[in-house]
Every structure is written in structure tokens, then in C-alpha cells.
Student: 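Would you mind keeping the following structure in view while I ask a few things?
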Amino acid sequence: MTAELLLASLQISSPEVLLALGALALLMIGVFSGDRSSPLVTGLTIAVMIVALIMIIFVAPQGEAYNGAFLMDGFARFMKATALFGSIVALLMTFANAKSDQIDKPEFPVLVLLATLGMMLLISANDLIALYLGLELMSLALYVVAAFNRDSIRSTEAGLKYFVLGALSSGMLLYGMSLVYGFTGNTGFEQIAQVLSQETRSLGLVFGLVFVLAGLAFKISAVPFHMWTPDVYEGAPTPVTAFFASGPKVAAMAILVRIVSDAFIPVVADWRQVIVFIAIASMLLGSFAAIGQKNIKRLMAYSSIGHMGYALVGLAAGSETGVSSIALYMLIYMVMTLGTFACIMSMRRPDGTAVEAVDDLAGLSSTRPFMALVLTALMFSLAGIPPLAGFFAKYFVFLAAIEAKLYALAVIGVLSSVVGAYYYLRVVKLMWFDKPVGEFARTPGLLKLVFGFSGLFVTAYVLFGGPVGTAASAAAKSFF
């Protein structure tokens, strides 16, 4: 690679370079200053992420870098901005209860920063090796933050479960990649697509495709690779769970869209069958398994499984409308989830004890009316009730499926959405119609700000949804 090409590549990947250098510098600050530097390192980490977000939107040019392994296009820009925004908000939320959740260490924000760097690399991956490097950088940091509270058995168990199952999924992904490479002779997405369009696909390649999709389905917690999600969501510290539910999901969904839309588009009939199956399974399990949940974090885990199923409906369409509906869905889902987790982090008794039972929300409307009002809006939005943002998210993915003549998939999606509405409405019923079982402590200002803005976003989406939808459509044009 010549000096000019290297300089151009560094310019295209400048936000990632900034995050990498920032992580190294902040780690040194943490090492030399000790635990007391935790608020400073967290604040500086957020500042670095904000600068990277500005660079992604306004500065970084589009194009291929590092001999085609790294791609910056409209889709990458949209999904990176979404994932970075999620990481910034999730890290902001940790200020509220960092000490009580025992994550007030300078290593924590650095690990979040490294996971975010992995997400950025993953979203821009245009090669199987680049994909794997980005995925592992993200995953290794996530394994550690899941078990960050070493004094909690639940936290260490969550980290261990996530690590063991994550290692299994990485093995499946690598095996699939080796089969794809063996049958195509290439690791670049464009070259794989060229080979597939020139010759009839072989059975070995289909096996490779299935293993690659299985490895990526684990990262978005799609059925049947969802086993880790409820336990990790419940066991990990709540700020960590909020982080898990935002940026990493966006990044994993983005690379899933990219690999099937770029590398495997000539064999769309083969991967569509797999995507349709895991979409239906995720929607149904997410809807039915959540009904009996008593823990609010486990409830949100099954909710996330269901929502990934709805997003995959758009991917199954294999069209420009489908990709734009996924980009829009992931943005809306992330905002709704972060708002909900801000409310969950506010569930603390006056003595500082965190409570997680769904029944603890009983009578919230009489003790914390603003929080109850926002959480009601978020629950209705997650259920897909018009005219809230969640309705538009589901509407566009189902519309994409209908345009692709996947009528059965759309019908199953609508029916499972009706079933899923039950457990969201149960939370609303508890807050407004049951007697209070105890009062929560005063909500920290940062958490109130996050769930307040989230509630405003879902309720007022109908007023400003046009430009957001236009941006998602522009992102989808990168593939078509």
C-alpha cells in the first residue's frame, strides 16, 4: 500500500482512529490516576465519542479503505451514527448509579470505548477477515463488562455464560467463513458476489452461508441462538444491560444486512429461507416467552428477541425498502430501549436498593407520575400502537415483506405483535390501576433527561419522522 493510499484510508477511517487513540490515552490516565479518575475518564470517553460522531456525520469521506477491507458508505454512516449515539447515552446513564452498581472504575468506560470501536469496524467491514476482527474486538470487551461487578455472583455468571456461548458462536462463524472462502476463493464481499453470480452455488457453500448466519444471529440474540440473552440481561449490572441492548445490536444487525446484501445477494433464495425461519421463531418466542416473566430485565430480554425478529422481516424482503426499514427500525428500537432502561435504573428504594420485579412498578402513577407517563408511552411504542414511533417501525418492515410477496411472514409478524402487546399492557395496568407497594428514591437528573427525551421521541415521532425516514432510505441506496 502506497503512502497516498494509506493516507486516504486513514482519512476514511478517521473516526475509528480517534476512538483507538482515545482508548489508549484514557487507559493510561486510568492506570496512573487510579479509581478516583473514574468520573474524569467517563466524561472524556463521552467527549471522544461525541467528536467521533461529529466526524462520522460531517467529516469522514465515503469510499473504500485498506484495499477494500473497510467501506464507508451511506449505510455505514447511518448505522455508525446510531450505534455511537447509543453508546454515548448508555455511558451517560452510568453516572447515575456507578458506585452502587460497582462499575465506578476507569477501566469500564475504556472497555465501552473499545467495544464501540469494534462496532464501528464491524459496520464498515467489507471482508470476512475485517468482519471477524471487528466482531471479536466488540465481543471481548462485552464479555468483560458483563462480569464487571466481581462481587456479584449473578454478574460473574452472566459474563461466563456470555463468554462460553459467544466462543461457540465465534467457532461457528469461523467455520462458515472457511467454507465460504474454500468454495469461492475470496474473502472480500464484492469478490464473493462475483464468483457466486458466475457459477452455480454448491452444497458446501450453502453450509458455509448457514454457519455464518448462525454466528451473526447469536450477536443479535435471534432464535435459536438466544439462550444467553435473558440470563445475561438479568445478571449484568443494569447500565451494562442498557449498553448491550443498544449499540451492539445495531452493529450486528448492520453487518448481517451488509453480508447478505453485498456478498450473498446472488444466492438470495438460499439465505432468505434461513432469515424467514429465524424471524418467525424470534417473533413467536419473544411474544410468548415474555408473558410469564416476573423480572423486568428478563422481560426486556425477551422483548429484544422479539424485536430482532421484526427487524429480520425487513431483511427477508431482500429489497431497498427492506434495508431502509431495518435501518429505521434499529434507530427507533434503540431509543425506546434506552428510555425503558433509564426507567429501570430509576427503580431504587430510598435506601438505595435496586428492585427489578415487574410488580414493583405497581402504583407508579401515584408516586412518580412523570416516570409512569413516559414508561407508558414507551410500552405502547414497543407494542407498536399508533401513532407512536414503534408503530411506524413495524409498519415499514411489514410493508417491505408484503412488497416482496412474503404474505405469511407479515401475517405471523402482526399476530405475534398482538400477543406481545399483552405483557407491555400488563406493565401499564400495574402502574395505573394497582396500589403502590413502596416508593422509589428520587430519580437522578441524567436518567430523567434520558427517559424524558426518549418519551418525547416516541410520542412526537409523527411530527419529525419524515427526515429520519429519508435518511434511512438514503442509507439503503448503498446496496441497490
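Throughout, numbering of the chain's residues begins at 1 and tracks the sequence.
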Student: May I ask you to check whether W271 and F264 place their ring centers less than 6.0 Å from one another?
Tutor: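 Ring-ring flag for W271/F264: false, centres at least 6.0 Å apart.
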
Student: Is it the case that the ring center of F396 lies less than 6.0 angstrom away from the ring center of Y329?
Tutor: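 Distance test on ring centres: not under 6.0 Å, no.
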
Student: May I ask you to check whether F453 and F457 place their ring centres under 6.0 Å from each other?
Tutor: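 No: the rings miss the under 6.0 Å criterion.
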
Student: In this structure, are over 12 heavy atoms from other groups packed under 6.0 Å from F433 atom CZ?
Tutor: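 No, the 6.0 Å shell around CZ holds no more than 12 heavy atoms from other groups.
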
Student: Inspect the surroundings of OH in Y143 and state if more than 12 heavy atoms from other residues, nucleotides or ligands are less than 6.0 Å away.
Tutor: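 More than 12 within 6.0 Å, yes.
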
Student: Determine whether a donor-acceptor pair (N or O, by modelled atom type, separation under 3.5 Å) exists between the side chain of S155 and the backbone of A146.
Tutor: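 Yes, S155 side chain to A146 backbone: donor-acceptor pair under 3.5 Å.
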
Student: Of M138, E136, K219, which is the lone residue that meets side-chain contact (heavy atoms from CB on, under 4.5 Å) with L122?
Tutor: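 That would be M138; it is the only one of M138, E136, K219 passing the side-chain contact (heavy atoms from CB on, under 4.5 Å) with L122.
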
Student: Using a 3.5 Å distance criterion without hydrogens, assess whether the side chain of D360 forms a donor-acceptor pair with backbone atoms of A357.
Tutor: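 Judged by distance alone, yes, a pair lies under 3.5 Å.
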
Student: For residues A242 and F341, report the shortest heavy-atom separation together with the two atoms involved.
Tutor: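 Heavy atoms of A242 and F341 come nearest at CB-CB, 3.7 Å.
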
Student: If you take the centroid of each ring, where Trp contributes its six-membered ring, are F108 and F148 closer together than 6.0 Å?
Tutor: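 When the ring centroids of F148 and F108 are compared, they turn out to be within the sub-6.0 Å range.
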
Student: Where is the tightest heavy-atom contact between V41 and P106, given as atom of each residue plus distance?
Tutor: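 Closest pair (atom of V41, atom of P106, distance): CG1-O, 3.7 Å.
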
Student: Supply the atom-to-atom distance Y422 OH to I291 CD1, rounded to the nearest 0.5 angstrom.
Tutor: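 Going from OH on Y422 over to CD1 on I291, the span is 7.0 Å.
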
Student: Say you draw a straight line from CD1 of I326 to CE of M79; how long is it, rounded to the nearest 0.5 Å?
Tutor: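 I326 CD1 to M79 CE: 7.5 Å, rounded to 0.5 Å.
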
Student: Hey, what's the ring geometry for F211 with Y175, parallel, tilted or perpendicular (30° and 60° as the breaks)?
Tutor: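 Perpendicular, since the angle between the ring planes exceeds 60°.
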
Student: Is there a ring pair (Phe, Tyr, Trp, His ring centres under 6.0 Å) between Y233 and F244? Walk through the geometry before answering.
Tutor: CA-CA 8 Å; Y233 269 47; F244 274 20; 7.1 Å; no

Student: When rounded to the nearest 0.5 angstrom, what distance separates CG in N126 from CZ in F189?
Tutor: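 CZ of F189 is found 6.0 Å from CG of N126.
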
Student: So which heavy atom on G390 is nearest to which on S381, and how close?
Tutor: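 So the minimum-distance heavy-atom pair works out to N-OG, 2.9 Å.
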
Student: Any sub-3.5 Å donor-acceptor pair from R154's side-chain atoms to A236's backbone N or O?
Tutor: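 Looks like no, no N/O pair under 3.5 Å.
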
Student: Would K477 and D73 pass as an ion pair if we require N to O under 4.0 Å?
Tutor: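 A salt bridge is absent here (no side-chain N lies under 4.0 Å from a carboxylate O).
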
Student: State the CZ-NZ distance between F370 and K448, to the nearest 0.5 angstrom.
Tutor: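 Answer rounded to 0.5 Å: 7.5 Å.
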
Student: Checking salt bridge (charged side-chain N to carboxylate O under 4.0 Å, His left out) between E356 and each of K297, K294, R349, which is the one that passes?
Tutor: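 Per the salt bridge (charged side-chain N to carboxylate O under 4.0 Å, His left out) rule, the option paired with E356 is K297, out of K297, K294, R349.
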
Student: Just by distance, do the side chain of R150 and the backbone of T156 share a donor-acceptor pair under 3.5 Å?
Tutor: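 Judged by distance alone, no pair lies under 3.5 Å.
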
Student: Please report the interatomic distance CG(L399) to NZ(K394), rounded to the nearest 0.5 Å.
Tutor: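 Answer rounded to 0.5 Å: 15.5 Å.
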
Student: Yes or no on side chain to side chain contact (heavy atoms under 4.5 Å, CB included) for T443 and R348, after CA distance, side-chain angles and deciding distance?
Tutor: CA-CA 9 Å; T443 306; R348 286 181 179 271; over 6 Å; no

Student: When you measure from the side chain of S478 to the backbone of F75, do you find a donor-acceptor pair of N or O atoms at a distance under 3.5 Å?
Tutor: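 Yes: the side chain of S478 pairs with the backbone of F75.
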
Student: Any side-chain to backbone donor/acceptor pair from T238 onto M345? Under 3.5 Å, distance only.
Tutor: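 No: the side chain of T238 does not pair with the backbone of M345.
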
Student: Are Y310 and Y333 near enough that their ring centres are under 6.0 Å apart?
Tutor: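 When the ring centroids of Y310 and Y333 are compared, they turn out to be at least 6.0 Å apart.
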
